[in-house]
Amino acid sequence: MSSKGRAAKAALLVNTGLVIAKIGVGLYSQSSALLADGADSLSDLIGDVFLLIGIKKAEKPPDEGHPYGHAKAECLASMALGAILLILAIGLIARSVNSFFGDIPGIPGKTALVVAGISIVLKFIMGVYLRKTGKMHRSEGLAAGSAHAFSDSATSVAALVGIYLARIGYPLADPLAGAIVAVLVARVAIKIISENVNSVMDRAAPPEVVAEVERIASTFPGVWNAHYIRTRKCGGRYNMDMHIQVGPSITVKEGHELGHSIGEEIKRKIPEIGEVLVHIEPYLPDHDNGGI
Ligand SMILES: [Zn+2]
Ligand SMILES: [Zn+2]
């Protein structure tokens with residue numbers, strides 16, 4: 001196995017261990033902070049599994065039943081993950097709030113402290129390791145994984161501080177740390193959901209991308225104007241179609257070649273653009289942007 005694959009697999013193993021330890025010990029020793037930290041690790045774990053399985057499905061080439069490809073499979077799976085995370089986070093926040101207004105929460109056991117400590121160290125080592133491997137392979141995925149591991153390490157620091165303070169006489173510190181971590185988990189969940197809603201709803205690319213498409217098309221000799229540029233988000237990319245007006249007397253062959261060249265140039269210059277469909281039409285002075 002490549003060291004890149006090994007790094008991803010090692011991260012998966014460590015995350016699995018941490019999730020089991022944090023949720024198990026969090027429940028057993030009644031630490032809201034450790035439970036919330038465990039929920040955060042669980043989301044990472046599901047994310048890692050997605051990376052291994054989900055994206056493979058999304059990258060499946062188009063087939064007869066799905067001529068536009070399978071990119072949205074990833075969106076649906078991510079939205080499901082986001083929804084589960086959000087419900088989990090709300091449950092944890094409710095649990096913490098309950099501790100503030102209900103009975104004084106129990107003091108978390110020493111094991112909770114130890115697990116949070118182990119998590120800080122392991123996640124930190126993981127961050128350093130992923131950063132090193134990522135640099136070696138110039139992998140953005142591993143670099144992002146490294147940044148994530150460092151932020152997880154910081155999350156566990158918050159849990160550790162909460163648990164420690166609860167143990168030395170400030171019982172509300174644990175649910176407070178738990179609530180803070182749970183709010184962070186909820187934020188991630190909402191971000192995941194909204195990003196993928198954009199994709200399912202065919203959201204357009206930002207205006208500067210559309211302007212760049214128009215600019216690129218108009219640099220081609222023979223293009224009289226480009227209009228009706230429609231972009232739609234699909235997975236991590238945008239697919240698009242556009243109208244190009246050309247001189248009325250060029251041949252079908254010339255128009256066809258021009259259309260393909262424009263499409264290729266747009267894809268080359270704007271990596272976020274996936275598929276381009278160019279509709280060629282003769283120059284019509286009164287033609288508006290309403291299509292046809
Ligand atoms: Zn048109
Ligand atoms: Zn063609």
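First listed ligand is number 1; within each ligand, the first listed atom is number 1.
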Peer 1: Taking Ser119 for its side chain and Val115 for its backbone only, find out whether a donor-acceptor pair lies under 3.5 Å.
Peer 2: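 No; zero donor-acceptor contacts below 3.5 Å.
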Peer 1: If a pair satisfies side chain to side chain donor-acceptor pair (under 3.5 Å) and one of its residues is in residues 168-189, list it, with sequence neighbours excluded.
Peer 2: Ser31-Asp174
Peer 1: Cationic tip of Arg232 within the cone over Tyr68's six-membered ring, i.e. under 6.0 Å and within 45° of the normal?
Peer 2: yes
Peer 1: Strictly under 2.8 Å, is any N, O or S atom of His279 next to the Zn ion (ligand 1)?
Peer 2: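 Of the N, O and S atoms in His279, none lies under 2.8 Å from the Zn ion (ligand 1), which means no.
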Peer 1: For residues 202-213, please give each side-chain donor-acceptor pair under 3.5 Å, one per line with the distance, not counting sequence neighbours.
Peer 2:
residue	atom	partner	partner atom	Å
Asp202	OD1	Lys72	NZ	2.8
Glu212	OE1	Arg215	NE	3.2
Glu212	OE2	Arg215	NH2	3.2

Peer 1: If you check every N/O/S atom of His243, which is the one nearest the Zn ion (ligand 1)?
Peer 2: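 This residue's closest N, O or S atom turns out to be ND1.
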Peer 1: Please name the atom of Glu281, limited to N, O or S, that comes nearest to the Zn ion (ligand 1).
Peer 2: OE2
